[in-house]
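Provided herewith is a single structure, encoded as structure tokens, for subsequent inquiry.
Heavy atoms only: backbone and side chains are in, while hydrogens, waters and symmetry mates are out.
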Amino acid sequence: MIGTIVLFNNNSIYAKQAIWRDFDNMKDLVAAIRSGEKNDNNINWEKFQDSDIYQNEDKDSKECLQLAHKIGNNLGDYEIVHCFRNENYFKIKYTEPETPEPQPETNASLNVPEPQPETNASLNVPEPQPETNASLNVLEVPETNASLNVLEVPETNASLNVLEVPETNASEIVTPSSIDLNITVGKDPITRGENQMVTVLAFDPTTGKELDRVFIKLEIKDPVGILVKYYTGTEGNLTRTFKIGENATGTFIISATASQAGVQSTKSLTFQVQ
């Protein structure tokens, strides 16, 4: 008999559960989220703020969680993991470098001298003399002071007002030459009717660091090759949880593809449902 998958919305399963209620510190809660023991992508923000875990965190951690909630108008369990690992994660990710304000126009153009009045050089040209002893009566035209009226334009400070563009962090976003993928599941084998968690990590094989702004596509097919789950994400850590159908048995296939700036990598993994 062909197995079937019963699909549930994650929010309907976990909406009324407080995933932090069994823990008294953030470290243990994050460990439970990463292992798949706890899962909630739509955490009740008001109640979470009143929890002991939130109240016992330092100022930076609280600000990180507040920013995560503000950005998506929602708080997911993976965002708690991000804030625990790096309190400045969302601040760095969504803060753009400041753009310098336009500087006032320099006074270089204000110092261009006005056109000078025509000199009287042309007025002093003698009228033609009658043809007699012309060679004796040649008048010397006095040198005008036209050349003396050329203004020297003072050097402006225009060159002093050249803006130095602040160095952005664009160079920090380096596209790797290749992408490594790591796929893990919460349980293998897993029993029918249980919740299975799948995590895909995309990282730079050279530095070992998790990639940012990378597109991940995750597909899950049942034993007969029917696509039962399809997820996408734009971060280097994509975690999703779904429920295995009561009648599903056999080998499920997980396929993940990560791509960034023309670089692409694909990997597969299987798990058994019994």
- Note on the structure: Closest non-hydrogen contact found for Tyr230 with Leu227 is CB-CD2, 4.4 Å
- Message: If you apply the rule side chain to side chain contact (heavy atoms under 4.5 Å, CB included), what do you find for Leu218 with Val198, and how did you get there?
- Response: CA-CA 9 Å; Leu218 174 62; Val198 178; 4.1 Å; yes
- Item | Same cluster (ILVMFWY, side-chain, under 4.5 Å), Trp20 and Tyr54 | yes
- Sequence neighbours excluded, the answer for side-chain hydrogen bond (donor to acceptor under 3.5 Å, both in side chains) partners of Asp58 is Ser61
- Taken in chain and number order and not counting sequence neighbours, the residues that satisfy side-chain hydrogen bond (donor to acceptor under 3.5 Å, both in side chains) with Glu63 are none
- Message: How long is the straight-line distance from CG of Leu201 back to CD1 of Ile179, given to the nearest 0.5 Å?
- Response: 13.0 Å
- If you look only at pairs with a residue in residues 31-65, which of them pass as a disulfide bond (SG atoms under 2.5 Å apart), with sequence neighbours excluded? Cys64-Cys83
- Does Asn25 reach the main-chain N or O of Asp28 with its side chain, forming a donor-acceptor pair under 3.5 Å? yes
- Is the backbone N or O of Gln264 less than 3.5 Å from a side-chain atom of Ser259, with the two atoms forming a donor-acceptor pair by type? no
- Message: Heavy-atom count check: over 12 atoms from other residues, nucleotides or ligands less than 6.0 Å from Lys221 NZ?
- Response: no
- Item | Side-chain donor or acceptor of Glu79 paired with backbone N/O of Gly76 under 3.5 Å | yes
- Could you tell me which non-hydrogen atom of Gln260 sits nearest to which non-hydrogen atom of Arg213, and how far apart they are? NE2-O, 3.2 Å
- Query: If we only count heavy atoms from C-beta on, is the Ser255 to Thr266 side-chain gap below 4.5 Å?
  - Reply: no
- Query: Looking at residues at least two apart in the chain, or sitting in another chain, which of them share a ring pair (Phe, Tyr, Trp, His ring centres under 6.0 Å) with Tyr89?
  - Reply: His82
- Message: Are the side chains of Asn182 and Phe203 in contact, using a 4.5 Å heavy-atom criterion?
- Response: yes
Can you give each donor-acceptor pair under 3.5 Å made by side-chain atoms of residues 267-274, sequence neighbours left out, with the distance rounded to 0.1 Å?
unit_1	atom_1	unit_2	atom_2	d
Lys267	NZ	Leu181	O	3.1
Gln272	OE1	Thr251	OG1	3.2
Gln272	NE2	Thr251	OG1	2.6

- Task: Taking Asn74 for its side chain and Asn41 for its backbone only, find out whether a donor-acceptor pair lies under 3.5 Å.
- Result: yes
- Item | Closest non-hydrogen atom pair between Lys243 and Gly193, with its separation | CE-O, 3.1 Å
- Task: Supply the atom-to-atom distance Ile43 CD1 to Leu75 CG, rounded to the nearest 0.5 angstrom.
- Result: 4.5 Å
- Look at Lys62 together with Glu87 and state whether they make a salt bridge at an N to O cut-off of under 4.0 Å. no
- Task: Please report the shortest heavy-atom distance between Lys47 and Asn44, naming the atom on each side.
- Result: N-OD1, 3.0 Å
- Query: Is there a side-chain contact between Gln196 and Val185, using heavy atoms and a 4.5 Å cut-off?
  - Reply: yes
- Message: Looking at Ile226, is its backbone amide N or carbonyl O close enough to the side chain of Asp222 to form a donor-acceptor pair, meaning the two atoms are under 3.5 Å apart?
- Response: yes
- When you check the gap from the basic side-chain N to the acidic O, do Glu219 and Lys229 get nearer than 4.0 Å? no
- Message: Can you give me the closest heavy-atom contact between Asp22 and Lys38, atom names plus distance?
- Response: OD2-NZ, 3.1 Å
- Message: What I'd like to find out is whether the side chain of Ile33 reaches to under 4.5 Å of the side chain of Asn39, using heavy atoms alone.
- Response: no
- Query: Taking atom NZ of Lys217 and atom CG of Leu238, what is their separation to the nearest 0.5 Å?
  - Reply: 13.0 Å
- Task: With sequence neighbours left out, write down each residue that passes side-chain hydrogen bond (donor to acceptor under 3.5 Å, both in side chains) with Asp188, or none if nothing qualifies.
- Result: none
- Should Met197 and Arg240 count as side-chain neighbours, where that means a heavy-atom distance under 4.5 Å? no
- Can you tell me how far CG of Asp24 sits from OG of Ser51, rounded to the nearest 0.5 angstrom? 11.0 Å
- Message: Using side-chain heavy atoms (C-beta onward) and a distance below 4.5 Å, is Ser265 in contact with Val263?
- Response: no
